[in-house]
*Asks:* 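Please read through the structure below; I'll follow up with questions.
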There are 2 protein chains.
Amino acid sequence: MPVSIQDVADRANVSISTVSRVLNRRNIVNAKTRQRVESAIRELGYSPNVFARGLMLRRSHILSLMLPDLHGEFYSEIIRGANARARELGYQLMISSVISKDDDGSELMTALGSHGLVDGLAIMISEVDDRTRDSLEKIQIPLVVLDGDIDGVEHDSVVIDQRKGAVALLRHLVNDCQVTRVVFVGGLVTNIDTMERLSAYREVMAEAKLPVGPDHVFHLDYQYDTAYELGEARVDQWAKQRVGVFAANDEMAAGLIDAAIAAGYSLPEDLAVVGFDDTRIAAMTRPRLTTVSVPMSNMGATAIDLLVQRLDDPEREPAKVTLESSLVVRESCGVK
Amino acid sequence: MPVSIQDVADRANVSISTVSRVLNRRNIVNAKTRQRVESAIRELGYSPNVFARGLMLRRSHILSLMLPDLHGEFYSEIIRGANARARELGYQLMISSVISKDDDGSELMTALGSHGLVDGLAIMISEVDDRTRDSLEKIQIPLVVLDGDIDGVEHDSVVIDQRKGAVALLRHLVNDCQVTRVVFVGGLVTNIDTMERLSAYREVMAEAKLPVGPDHVFHLDYQYDTAYELGEARVDQWAKQRVGVFAANDEMAAGLIDAAIAAGYSLPEDLAVVGFDDTRIAAMTRPRLTTVSVPMSNMGATAIDLLVQRLDDPEREPAKVTLESSLVVRESCGVK
DNA sequence: GCCGAGATTGGCAGCGCTTTCAGGTGATTA
DNA sequence: TAATCACCTGAAAGCGCTGCCAATCTCGGC
């Protein structure tokens, strides 16, 4: 059985109140007494019981990070950033993935370790539905939403200014890469990121007076394979006109590149392809991908910052931190 | 303030004992009473306070997963597997990365959320030092070691039979790929995986009566860049003899491939390169990498299984689960 | 030598929950 | 009719810790 505060008190010949005071760094304890207590703690290897403490303080120093998925570099980088920052600030990180669609919201609660376990929740939701909204609304702890927004629920947020990066990328494609037109390959229409990037696409197309026909916009699923298939079907047509292909993530861009090369085309001569996210893959394709770098781990870290800030000052106005994304030019679009 | 067991008891006109009994699925409660309690619970949206419960039961249903690093697909896959399984079994997962070298072990304790927070620990340590050993020895909770072993500390373990995969890979290289010799590019000599793979290398070389000279074994750092540099320096020599290069991970293999291609060689004609891990990268290099597939997410899931099994039966004999790795043949070594 | 302020310390009441232990029902049996 | 028993339920004792309140001690000042 683990050593309790009573054991320490006995050994130091004080009451448990005094031990508790020493523990909580109150300097209202006489220096000599404190030393006695401290060495008792050390000798016994005592560390306070988290449950008992949490029961009183209603604080666990655990933060929860919920992501739509745990697959891929994007999420793993968020976790990495969040974990490091949480550690720095003296918190633990609890990870969970996705609230499955067909859930009554109780899963979210369960994931939070029933009521009271975690001090705050950082959540990223790719597709918001009412049920999740409702559960989130009920939660009585600080909430930070990553890369999105949830109506009617008070929360802080970290967003990435994808638009700026996307616009820079598209302008680069349009102005510097001699393409006759640009096609967009995104995720589903329900996906927030996709729509954001699509809107940037439309904007720059309008700006450059380039056409946006029905066969210029494709909605896939962010996977390499489906992009590869699309590439197989379309690349002849695209290469003929030297189009620029704007894929909404690097995975799909890689799929498209590989399909083009498999079909005998050479890039960037016949086709310009650009991606998004600047994941490890972007530097691995041949030609290497021109893409937009998104500060993923920074986003994780910032989310934790916001959570802890609100924990320290619950009355603060809701904050929204915007992180910049930036153009990374490599060879896949034919410049440099 | 959140609703407590007392509120439920009041509403259902019973004592808290009865509510507690209903909660703990004891069927010793009269059906009618139970229903009354259950609807009170539902109406109030009650869920038990984890701390109070943990204080009594000494169980938190939280498991901790500690990894040497959170960077890269390898670890993110472990997390993914562990998370999914933990969820299935009704546990939460707490993630932390690395115990830094210059730490007195207290960091490990802190990471465990002081004493008592987590029910079990799954840990992966790339380089075991005494201090970590000592802290681990003190921990009074079930311990599962991933892909390694810690002397003198009782624990279950999940290991990957890298040797089998490595041997298969090397035999393939030696027997089917017409290489005149094989060089090994690994991580540091302190790295367990590297040494494991190196030993497989020596075995197969001996078997095939191929030389293993001092300029056949290189110790790098598992990074793309350093491998690329090594490639730049050595590729002329290697290509002349058509050597097979066995890189201890896919990243380095990719670096070597790119260096060779940048130097004007074509693969697999001039050089055969194989990797290890079968990460996303392996399918992205051109030529695509022949490598060894390692069941990463399965390793995470198995670790959780072992933890929970031991939690359920503390007296069980220490278990060691071995997961198989398997050869994945692609184009980088010249067959198929 | 005595008094009150300030510095320390101990006592004790919970925090919300589980878990004996004892008591209160009917129903069954002698 | 009284005794026995199986079934349920409530009362109360903590689990280990914090925080309020009161008790004690130490001095400086009169």
Side-chain angles (χ1 to χ4, degrees), chain A residues 1-38 40-41 44-62 109 112-119 140-141, chain B residues 1-38 40-41 44-62 109 112-119 140-141:
Chain A
M1 59 268 87
V3 7
S4 82
I5 197 173
Q6 184 65 60
D7 301 326
V8 177
D10 291 350
R11 178 161 193 129
N13 268 314
V14 293
S15 74
I16 60 167
S17 317
T18 302
V19 178
S20 174
R21 276 186 280 261
V22 171
L23 246 25
N24 297 306
R25 301 272 162 259
R26 301 259 187 113
N27 21 12
I28 49 172
V29 176
N30 181 291
K32 219 167 234 161
T33 319
R34 182 169 56 216
Q35 278 170 25
R36 206 141 34 91
V37 172
E38 278 165 350
I41 290 179
L44 263 36
Y46 167 75
S47 81
N49 180 304
V50 217
F51 296 115
R53 196 172 231 180
L55 192 52
M56 284 302 299
L57 303 182
R58 279 139 200 307
R59 279 292 190 92
S60 63
H61 278 242
I62 299 177
M109 301 305 283
L112 288 175
S114 331
H115 105 230
L117 212 204
V118 306
D119 290 347
Q140 295 296 327
I141 54 174
Chain B
M1 61 263 90
V3 7
S4 82
I5 197 173
Q6 184 67 60
D7 301 324
V8 177
D10 291 349
R11 179 163 193 124
N13 268 313
V14 294
S15 74
I16 59 168
S17 321
T18 303
V19 178
S20 173
R21 277 187 278 258
V22 171
L23 247 24
N24 298 306
R25 302 268 162 261
R26 301 259 186 115
N27 23 11
I28 50 172
V29 176
N30 181 291
K32 224 169 230 161
T33 319
R34 183 170 55 213
Q35 278 170 25
R36 209 143 30 90
V37 173
E38 278 167 350
I41 291 179
L44 264 36
Y46 166 76
S47 80
N49 180 302
V50 215
F51 295 114
R53 195 171 232 182
L55 191 53
M56 284 301 301
L57 303 181
R58 284 147 194 302
R59 277 292 189 92
S60 63
H61 278 243
I62 299 177
M109 300 305 281
L112 288 177
S114 329
H115 106 228
L117 212 205
V118 306
D119 290 347
Q140 295 296 327
I141 54 173

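Numbers restart at 1 for each chain; the letters A, B, ... are given by sequence-line order, proteins then strands.
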*Asks:* Write down the distance between CG (N24(A)) and P (dG16(D)), rounded to a whole number of angstrom.
*Replies:*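 It works out to 17 Å between those atoms.
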*Asks:* Going by atom types only, do R53(B) and N24(B) share a side-chain donor-acceptor pair under 3.5 Å?
*Replies:*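 Present: a donor and an acceptor within the cut-off.
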*Asks:* Could a donor-acceptor pair under 3.5 angstrom be found where the side chain of R58(A) meets the base of dG16(C)?
*Replies:*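 By the distance-only test, no, there is no pair.
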*Asks:* Could you tell me whether S17(A) contacts a base, only the sugar-phosphate backbone, or nothing, with contacts defined as non-hydrogen atoms closer than 4.0 Å?
*Replies:*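 Since a base atom lies under 4.0 Å of S17(A), the category is base.
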*Asks:* Nearest whole angstrom, please: distance from the P of dG16(D) to the CG of L57(A).
*Replies:*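 For the pair L57(A) CG and dG16(D) P, the rounded distance is 17 Å.
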*Asks:* Give a yes or no on whether the backbone of A40(A) and the side-chain of R11(A) come within a donor-acceptor separation of less than 3.5 Å.
*Replies:*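 Here the side-chain-to-backbone pair does not exist.
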*Asks:* CD1 of I28(A) versus P of dT9(C): gap in Å, rounded?
*Replies:*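 Distance check: I28(A) CD1 to dT9(C) P gives 9 Å.
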*Asks:* Expressed as a whole number of angstroms, how long is the span from R21(A):CZ to dG11(C):P?
*Replies:*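 From R21(A) CZ to dG11(C) P: 11 Å.
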*Asks:* Of the options dG10(C), dG10(D), dG16(D), whose atoms approach the side-chain atoms of M56(A) most closely?
*Replies:*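 For M56(A), the side-chain atoms sit closest to dG16(D).
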*Asks:* Classify V19(A) by what it touches in the nucleic acid, base, sugar-phosphate, or nothing, heavy-atom distance under 4.0 Å.
*Replies:*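 Answer is nothing: V19(A) stays at 4.0 Å or more from every strand.
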*Asks:* Nearest-nucleotide wise, let me know which of I16(A) and N30(A) is further upstream toward the 5' end of DNA chain C.
*Replies:*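 In this pair, the answer is N30(A).
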*Asks:* Where do I16(B) and I5(B) come nearest, in terms of heavy atoms and distance?
*Replies:*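 Shortest heavy-atom separation between I16(B) and I5(B) comes out as O-CD1, 3.7 Å.
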*Asks:* Which nucleotide, dA11(D), dC17(D), dC17(C), lies nearest any side-chain atom of I5(A)?
*Replies:*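 In terms of side-chain proximity for I5(A), the closest of dA11(D), dC17(D), dC17(C) is dC17(D).
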*Asks:* Given dG10(C), dT9(D), dG16(C), which nucleotide is nearest the side-chain atoms of T18(A)?
*Replies:*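 For the T18(A) side chain, the nearest candidate turns out to be dG10(C).
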*Asks:* Under a 3.5 Å distance rule, please check whether D119(B) uses its side chain to pair with a backbone N or O of S60(B) as donor and acceptor.
*Replies:*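 Yes: the side chain of D119(B) pairs with the backbone of S60(B).
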*Asks:* Under 4.0 Å: is that the gap between some side-chain N or O of T33(A) and OP1 or OP2 of dT8(C)?
*Replies:*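 Negative; the distance criterion is not met.
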*Asks:* Please state how far atom CD in Q6(B) lies from atom P in dG14(C), giving the value in whole angstrom units.
*Replies:*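 After rounding, the gap between these two atoms is 13 Å.
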*Asks:* Hey, what do you get for CD1 (I62(B)) to CG (L117(B)), rounding to the nearest 0.5 Å?
*Replies:*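 Answer for the CD1-CG pair, I62(B) versus L117(B), is 5.0 Å.
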*Asks:* Counting heavy atoms from C-beta on, name the nucleotide in dT18(C), dT18(D), dC15(C) closest to the side chain of L55(A).
*Replies:*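 Shortest atom-to-atom distance from the side chain points to dC15(C).
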*Asks:* Rounded to whole Å, how long is the line connecting atom CZ of R53(B) with atom C1' of dG16(D)?
*Replies:*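 Whole-Å distance recorded here is 18 Å.
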*Asks:* Whole angstroms only, please: what is the CG-C1' distance between L117(A) and dG16(C)?
*Replies:*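 Between C1' of dG16(C) and CG of L117(A): 14 Å.
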*Asks:* Whole angstroms only, please: what is the NZ-C1' distance between K32(B) and dC7(D)?
*Replies:*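 Rounded to the whole Å, the gap is 15 Å.
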